[in-house]
K.L.:
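I'd like to ask you about the structure that follows.
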Amino acid sequence: MGNSIGINKTSPEFTIENDEELWVGGHLKEDDSPPNDNDSLGDRHEKTRHDNIRNGQQTVRFFEGGQEADATFKVTVL
């Protein structure tokens, strides 16, 4: 409990125990070329208790300063 996994185009497998939650999300930022400033869309996470985790997609919306982006995660329950 309390661990986070950085995911970059991979499909990690991990176990979530009865008293734990699945947190799906992360930190999203835009990397602009100089002289433009990089924009941070912040840290966002959606939490799901163990008993409520289902197969399918989970979407986390990132937003900041009028910009929005959705990150979609596929969750597979074995």
K.L.:
When you group the ILVMFWY residues by side-chain heavy-atom contacts below 4.5 Å and let the links chain together, are Val60 and Trp23 in the same group?
P.N.:
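No: no chain of side-chain contacts under 4.5 Å links Trp23 to Val60.
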
K.L.:
Run Lys74 and Thr76 through side-chain contact (heavy atoms from CB on, under 4.5 Å) and show every step you take.
P.N.:
CA-CA 7 Å; Lys74 181 180 178 185; Thr76 304; 3.9 Å; yes

K.L.:
Does the side-chain contact (heavy atoms from CB on, under 4.5 Å) test come out yes or no for His50 and Glu20, once each step is laid out?
P.N.:
CA-CA 6 Å; His50 174 272; Glu20 297 179 333; 5.6 Å; no

K.L.:
Has Arg44 got a side-chain atom pairing as donor or acceptor with Phe63's backbone, closer than 3.5 angstrom?
P.N.:
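Such a contact is found between Arg44 side chain and Phe63 backbone.
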
K.L.:
The test is side-chain contact (heavy atoms from CB on, under 4.5 Å); show your working for Glu68 and Arg61 and say whether it passes.
P.N.:
CA-CA 7 Å; Glu68 292 184 6; Arg61 175 158 288 170; 3.7 Å; yes

K.L.:
As an exercise, state the distance from CZ of Phe62 to CG of Leu28, rounded to the nearest 0.5 Å.
P.N.:
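Output value for this atom pair is 5.5 Å.
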
K.L.:
Does Val77 offer a backbone N or O that forms a donor-acceptor pair with the side chain of Asn55 under 3.5 Å?
P.N.:
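Pair found, side chain donor or acceptor close to backbone of Val77.
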
K.L.:
What's the spacing between His27 NE2 and Leu41 CG if we round to 0.5 Å?
P.N.:
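Between His27 NE2 and Leu41 CG, I get 8.0 Å after rounding to 0.5 Å.
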
K.L.:
With no hydrogens and no angle check, is any side-chain donor or acceptor of Gln67 less than 3.5 Å from a backbone partner on Glu64?
P.N.:
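Here the side-chain-to-backbone pair does not exist.
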
K.L.:
Measure the shortest side-chain to side-chain distance between Val75 and Leu22 over non-hydrogen atoms and say whether it is less than 4.5 angstrom.
P.N.:
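Yes, close enough: below the 4.5 Å cut-off.
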
K.L.:
Any side-chain heavy-atom pair from Thr48 and Gln58 closer than 4.5 angstrom?
P.N.:
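Answer yes - side chains close enough.
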
